[in-house]
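Working notes, beginning with the structure itself.
A, B, ... follow the sequence lines: proteins, then strands. Residue 1 opens every chain. Not measured: the values here are computed from a predicted model.
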Amino acid sequence: MNKESPLVSVVDDDESVRESLPDLLKEFGYRAEAFSSAEDFLTSGSATRTNCLILDVAMPGMSGPDLQLELRRRKQLLPIIFITAHRDEAVRIRLLSNGAIECLYKPFSDSDLQKALAKAL
Amino acid sequence: MEIDLGRVLDALPAMVWTAMPDGRIDFVNRRLSEHTGLEVEGAHGWDLRAVVSPGDLQKVLQGWRSIVASGKAGEIAARIRRRDGEYRWCLLQCCPMHNEAGGVSKWYGTCTDVEDLRRAEDALRLRELDFQLIVDSIPVPVAITTPSGEVEGLNQPTLDYFGKTFDELKGWKASDVVHPDDLKETVAAQLQAHQNGSIYNIESRHRRADGVYRWYNVIGMPLRDRQGNILRWFHLLTDIDDRKHAEEALKRSEIQSRMILDNMATLVCLLMPDGTPGLINRQIIDYTGRTEEELKGRDVTYLIHPDDLPNATDTFKTGIAAGDPFDIVYRMRRFDGVYRWFQGRHRPLKDDEGIVTGWCVSVDDIDDRKRIEESLRASEKDLLTIIDSIPALAWSASADGSVDFLNRHYVEYTGQPVEQLLGWRWTAAVHPDDIDALTTAWRKSRETGVGHEAEARLRRHDGEYRWFLFRSTGLRDVNGKVVKFYGFNTDIEDRKRFEQALAAREFDARLIVDSINGMIALFSPDGVLDGGNQQLLDYFQLPLEEVMKWATNGITHPDDLQHCIDSFMASIESGEPYAFETRFRRFDGVFRWFQIRGLPHRDAQGRIVRWYGLLTDIDDRKHAEEELRRSELLLAAGQRLSSTGTFSWLVDTDELTFSDELKHIFAFDLDEVVTFDKIRGRVHPEDLPLVADKMAEVRSGRENPEYDNRLLMPDGIIKHVRVYGRLIRHDNGRLECVGAVQDVTQSRLTAQAHDELRSELAHVTRVMSLGAMAASIAHEVNQPLSGIITNASTCLRMLAASPPNIEGARETARRTIRDGNRAADVITKLRALFSRRVASVEEVDLNDAVREVISLCWVDLQRARVTLRAELDDKLPLVLADRVQLQQVIMNLLRNAADAMKGVEERQLLLRTEPEKDNAVRVSVRDSGIGVSADNLERIFDAFYTTKIDGMGIGLSVSRTIVESHGGRLWAEPNNGPGATVSFVVPALFGGQAGTPFPRLRYDEQAVQ
């Protein structure tokens, strides 16, 4: 790895996701960081550094879509991959039409994730 | 003897003169001297020159000289001057006296005034000449003969006519100038006349110069001298040939006339101008049985009936004298002695100057006519009897108007003798006020000859006046002239009274008509408006002429116009009354509804003389009708919609009236008569006693409150009905029960269904919550699952790396196991939580419920380092609710609150219960967590938004459903400080609240404060 590999940020309030996902990302060869809330992510300033965002939809406080809006407002355009445990097709379509790269239902396969990441980066 | 010769000569009654032998006149006697006025002067004698007319002088001188010379007697005529200067012819005669020697010794002469003689001679000569001229100029031949018959003279026309000479005609007797047939007679007649010396007048034919014999009337007249001796005969021949022919023609025509006359069916005779009979035709002869001579000659007055004779004679005499046509009617005696009526019509025949030349009399047999007249007169008598018995006052008047006959009734009615009524006196019985009109009408009638009619009062014998209708007709002769008037007066008193009453009523009627609260229109028989009452005019405020055009001028509403015209005209044609409704425009432009009713008015013959139309303003009624109709519709609709029927029950007669809806409810036909038996046939057998009781109550006059019962329909369907009834006591003591019956089957079913639905809903809610739950479960499970998969994937990759990352793999495996357990836990807990329960509603003390939840969650809350405080109102009313469900809600709220405080230091949780206004209970959970933004206050209840639950519990949306199904509401509101408060309110139990077992869903408009 000569060039710095892309940074992928994971924002999910679920601990197990925060535990497991970064490792997988590392295995994919990306750098990864995790945040427990959208607010944490924003305050971290990672929005400017990161290359891609893996975002949980349902979170207490600022939700995933809220974060998406906020980033847009801030003109920090990041490719976003939504992950959600809530199977709602309407929501998925809405998210996609709003500019999300992908919206994956939990549990998702690693290959799906990989594909989405490839699209984003 | 020289007697005084002179004196002798003077005494001679002649004019004497003497002359000397030489001719010198030496003596004139006194007479001559007086005649001439000359004296003899001297010896020269008479100067002849002085006495002789110069014209004759020469002649006289010469004549005298010659006489003297001759010595012989002679005479000379000359004009001698008389003393007065007049020259008069005198004849001078002289005679010589011879001496012995034979010589003349003296001349003696006379002078005779022959002037008169001369004059006479001259006259005579003139007359002779004249006569000759005359005679010659007489256009008729004149012959003069001697007394013996010799032709002495013939005038020129004679000669001309005969074309013969005088001499030739002299011997006429022997010639053929007279027609051989007439000759003998002519000669004989002439001879006789000559002998008798009488005028003879014969007609004979004489031959004209051209040989044609013509008739001549020869009249011979003797010319006598003074002694009566016939000097001459004058014969006048008058050409009567034409006359003769005419006479013959006349005779022929006379014969013809005679024949005609004789063949005429009438008795005809011709009279002389003086009336004496001239010609009598055969009929008269035959009728009378007399000969013509008898009739002409004798006095014929015996032929006339003695009774008629005086009048006949007078009339005849007067008529003949007057010379104008006249008639006489008389009876004439027939040959057999029978008298028959005749009318003798005498017509004068006049010449050009108008002088009567004769009378033509036609005597017509009028006997039959006379008999007819008599029978007529007899029948007239009968008629009179009839007239007298007619129950009317009959009268007749002559052409001039004076009444000449009044029948018995008239007389009896007026009570006056006939004489006092004849002529013009009848007018006295007429009422003074009516006289003028009556006489005017009567006069007009006479003038025009047309009958009249007039009404007037006539005074009855008792003085009372009664109305009569005076009617007359004129009787005309063949020329159309009115000769008589016949009249009839009929008593119309009653009718008049009636009319007056009618007029009064009409006046009243008019008043009424104008005060009727309706508009009246009058139409002619063909439907033209010709009158209207005041209301009508006031309504339209148009002149009648405008209203007449109702079909075209827009005062009739366009939508109604056709119907209006059709109905009206159909009636006019058929004569049937009409009734229809239409709108008319008022004067202010507003259209109002009217009901039009029309009736025809007929005369005695049944003909329609008028149409009366009554227009009633029904606008308000129409609107009211519409309102009523609408309200009826509404009522019916209402009944239908509410499945409520109404009934009326007249208790004492058990008369029942069901509304349509009620019949429908009972499944009766709409036209079925409802009886109690029928009702009992519908009531559910098990409820019959109940119904019977209720009915008995009503019968005894007690009202019963509403009650429910069931009906069993013929098809087995059960209906639940609720009966409401009320008793009405009428003024007449009658009892009526009126009520409503509501079919509550549906609502009951609905309620039941609702209950079931409720429980279903509760279940479904639960099921729904299961959905949400599933989502939550999925969410819950998916999280560890996702972790598991991710970790597993990572593990595989780590192991596949070279060198394999064993440590990493171990870690991932460990996480995998942990997540797997986590997932299992969640499912276990949820399953335990989620068991199908029927919602059990009970009276719940929420405080207890809350305490239970708190104890359940205590451990978790502890672990989460949440400080829980509970403020439970001890006066909290009970709630009718599903305990478990509400506990679940509370649990959810607690968990959410705990979650919300996760990131904060201060974790204060306050749980309160308190009574709420309007009999409710409020439970609120207040946290000091991160709070909810204003935007999210509602969004948090979205299923979508439901946050993950930490292990157990249900989402806010389900909580809300549960609360709302309890009739409450669930909402969130931010605190004044940190965090939010989520509260719910549910109704408390109200004592004796009837209703459905499960509170209804209530929509909460007032969502969140």
Side-chain angles (χ1 to χ4, degrees), chain A residues 8 10 12-30 32 34-40 43 54 56-66 69-70 82-95 104-114 117, chain B residues 772 774-801 805 808-809 811-816 818-823 896 898-903 929-933 935-936 939-940 942-950 955:
Chain A
V8 180
V10 176
D12 197 322
D13 63 326
D14 189 81
E15 197 185 335
S16 62
V17 170
R18 280 202 309 278
E19 274 181 351
S20 56
L21 207 46
D23 282 346
L24 187 57
L25 289 167
K26 283 180 193 140
E27 283 307 304
F28 287 149
Y30 302 108
F35 301 90
S36 64
S37 71
E39 293 87 337
D40 286 347
T43 52
I54 296 178
D56 186 18
V57 171
M59 288 184 289
M62 188 181 280
S63 70
D66 291 341
L69 283 170
E70 181 58 29
F82 279 100
I83 54 172
T84 179
H86 225 75
R87 266 171 213 272
D88 192 337
E89 195 55 37
V91 170
R92 181 166 178 276
I93 290 167
R94 185 147 56 92
L95 293 171
L104 300 170
Y105 292 128
K106 294 178 193 175
F108 47 80
S109 68
D110 55 342
S111 53
D112 285 340
L113 183 61
Q114 211 169 16
L117 282 166
Chain B
S776 302
I777 291 169
H779 190 266
E780 282 311 304
V781 167
N782 280 339
Q783 302 284 46
L785 274 179
S786 181
I788 290 167
I789 288 168
T790 308
N791 283 323
S793 303
T794 312
C795 182
L796 281 174
R797 281 177 195 276
M798 281 177 176
L799 285 175
N805 184 351
E811 183 56 28
T812 56
R814 199 173 44 76
R815 286 188 212 139
T816 304
R818 189 198 64 197
D819 286 341
N821 285 330
R822 199 172 132 206
N896 288 346
D899 284 343
M901 289 187 293
K902 262 218 188 111
I930 56 175
V932 182
S933 66
D935 300 336
N936 291 335
R939 286 176 60 192
I940 57 173
D942 290 347
F944 159 70
Y945 196 77
T946 305
T947 187
K948 70 175 176 76
I949 355 153
D950 204 9

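Only the side chain of Arg815(B) comes within contact range of chain A, with heavy atoms under 4.5 Å apart. Proximity to chain A (any heavy atom under 4.5 Å) is restricted, for Asp819(B), to the side chain, taken from C-beta onward. With a threshold of 4.5 angstrom between heavy atoms, Glu39(A) does not approach chain B through any atom at all.
Top candidate by heavy-atom pairs under 4.5 Å with chain A, chosen from Gly787(B), Ser933(B), Ser793(B), is Ser793(B).
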### Message
Apply side-chain contact (heavy atoms from CB on, under 4.5 Å) to residues Thr812(B) and Leu24(A) and explain how you reach the verdict.
### Response
CA-CA 10 Å; Thr812(B) 56; Leu24(A) 187 57; over 6 Å; no
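Tested against Thr790(B), the residues Ser109(A), Ser20(A), Ser16(A), Pro107(A) include a single side chain to side chain contact (heavy atoms under 4.5 Å, CB included) partner, Ser20(A).
Asn821(B) meets the side-chain hydrogen bond (donor to acceptor under 3.5 Å, both in side chains) test with no other residue; sequence neighbours excluded.
The two residues Pro22(A) and Val17(A) come nearest to each other via the heavy atoms CD-O, 3.7 Å.
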